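Scroll down for the structure; my scribbles are underneath it.
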Amino acid sequence: QVQLLESGGGLVQAGGSLRLSCAASGRSTSRYVMGWFRQAPGKEREFVAAIRGSGSSTYYTDSVKGRFTISKDNAENTVHLQMNALKPEDTAVYYCALRTSFVIVTVAPGYNYWGQGTQVTVSS
């Protein structure tokens, strides 16, 4: 059974930075896609970023390009999301997800395992 545990959320002022981490246990993620999604109150869960198992390919939603960076540490079975230049509209619960495939997709049903989420709040 795969377990994903997010950490690193919190409260930050607009323009600030946060680094989210997601530690996976129960299965090596070196061959699989890891992704980050977010869900704001009253809104659907939306794709943020994803990275292939090897770390060779990444994909971002347009609203975070140039501000967020996803990275992967296969030795630690961990994926990170560095978030810079944060905006109030980035406020949401951020979820880590694992897709048991090497093909990146941007829809939530394409992912097989999910973490519990970590709250990110950006004040104006």
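In this text the structure is predicted, and so the values were computed from the model without any measurement.
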Which heavy-atom pair separates [X] from [Y] by the least distance, and what is that distance?
{"X": "Ser124", "Y": "Pro88", "value": "CB-CG, 3.8 Å"}
{"X": "Arg38", "Y": "Ala92", "value": "CB-CB, 3.8 Å"}
{"X": "Gly117", "Y": "Val93", "value": "CA-CG1, 3.8 Å"}
{"X": "Ser30", "Y": "Asn74", "value": "CA-OD1, 3.6 Å"}
{"X": "Glu6", "Y": "Gln116", "value": "OE1-N, 3.1 Å"}
{"X": "Arg52", "Y": "Val33", "value": "CA-CG2, 4.3 Å"}

Please determine which of Thr121, Val64, Thr91, Val122 meets the side-chain contact (heavy atoms from CB on, under 4.5 Å) test together with Leu86. Val122
According to the disulfide (SG to SG under 2.5 Å) rule, which pairs have a member within [range], sequence neighbours left out?
{"range": "residues 35-73", "result": "none"}
{"range": "residues 10-50", "result": "Cys22-Cys96"}
{"range": "residues 51-93", "result": "none"}

According to side chain to side chain contact (heavy atoms under 4.5 Å, CB included), who are the partners of Ala108, at least two apart in sequence or on a separate chain? Phe37, Trp114
Just jot down the side chain to side chain contact (heavy atoms under 4.5 Å, CB included) partners of Ala49, sequence neighbours excluded, or say none.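 Applying side chain to side chain contact (heavy atoms under 4.5 Å, CB included) to Ala49 gives Tyr60, Ile70, Leu81.
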Give a yes or no on whether a salt bridge exists between Lys65 and Asp62, defined as a side-chain N under 4.0 angstrom from a carboxylate O.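 Here Lys65 pairs with Asp62 in a salt bridge, since their nearest N and O are under 4.0 Å apart.
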Where do Lys72 and Met34 land on the side-chain contact (heavy atoms from CB on, under 4.5 Å) test, with the steps shown first? CA-CA 8 Å; Lys72 202 162 179 287; Met34 297 290 293; 3.5 Å; yes
Report yes or no: is the cationic atom of Arg31 (NZ for Lys, CZ for Arg) closer than 6.0 Å to the six-membered ring centre of Phe102, at no more than 45° off its axis? no
Tell me whether [X] shares a hydrophobic cluster with [Y], the cluster being built from Ile, Leu, Val, Met, Phe, Trp, Tyr side chains joined at under 4.5 Å.
{"X": "Trp36", "Y": "Val105", "result": "no"}
{"X": "Leu20", "Y": "Leu4", "result": "yes"}
{"X": "Leu18", "Y": "Val79", "result": "yes"}
{"X": "Ile104", "Y": "Phe68", "result": "no"}
{"X": "Val120", "Y": "Phe47", "result": "no"}

Within-4.5 Å side-chain heavy-atom neighbours: Tyr94 and Met83: yes
Can you check side-chain contact (heavy atoms from CB on, under 4.5 Å) on Leu98 and Thr29, steps first, answer last? CA-CA 8 Å; Leu98 182 149; Thr29 62; 3.3 Å; yes
So with a 6.0 Å cut-off around CD of Glu89, is the heavy-atom count from everything else above 12?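 Count over threshold, so yes.
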So, taking the atom named CD1 in Ile51 and the one named OG in Ser57, what distance separates them when rounded to the nearest 0.5 Å? 8.5 Å
Keeping the roles fixed (side chain from [X], backbone from [Y]), state whether a donor-acceptor pair exists under 3.5 Å.
{"X": "Arg67", "Y": "Ala85", "value": "yes"}
{"X": "Thr61", "Y": "Val48", "value": "no"}
{"X": "Asn112", "Y": "Thr100", "value": "yes"}
{"X": "Thr78", "Y": "Glu76", "value": "yes"}

Derivation and outcome, side-chain contact (heavy atoms from CB on, under 4.5 Å), residues Gln1 and Arg27: CA-CA 7 Å; Gln1 183 70 16; Arg27 175 178 285 190; over 6 Å; no
For the residue pair His80 / Ser71, report whether a side-chain donor-acceptor contact shorter than 3.5 Å exists. no
Go through it in stages, so that I can follow the logic: the residues are Asn77 and Ser28, the test is side-chain contact (heavy atoms from CB on, under 4.5 Å), and I'd like the CA-CA distance, side-chain angles, deciding distance and then a yes or no. CA-CA 6 Å; Asn77 225 24; Ser28 171; 4.3 Å; yes
Please name all residues satisfying salt bridge (charged side-chain N to carboxylate O under 4.0 Å, His left out) with Arg99, sequence neighbours left out, ordered by chain then number.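 Partners of Arg99 under the salt bridge (charged side-chain N to carboxylate O under 4.0 Å, His left out) test: none.
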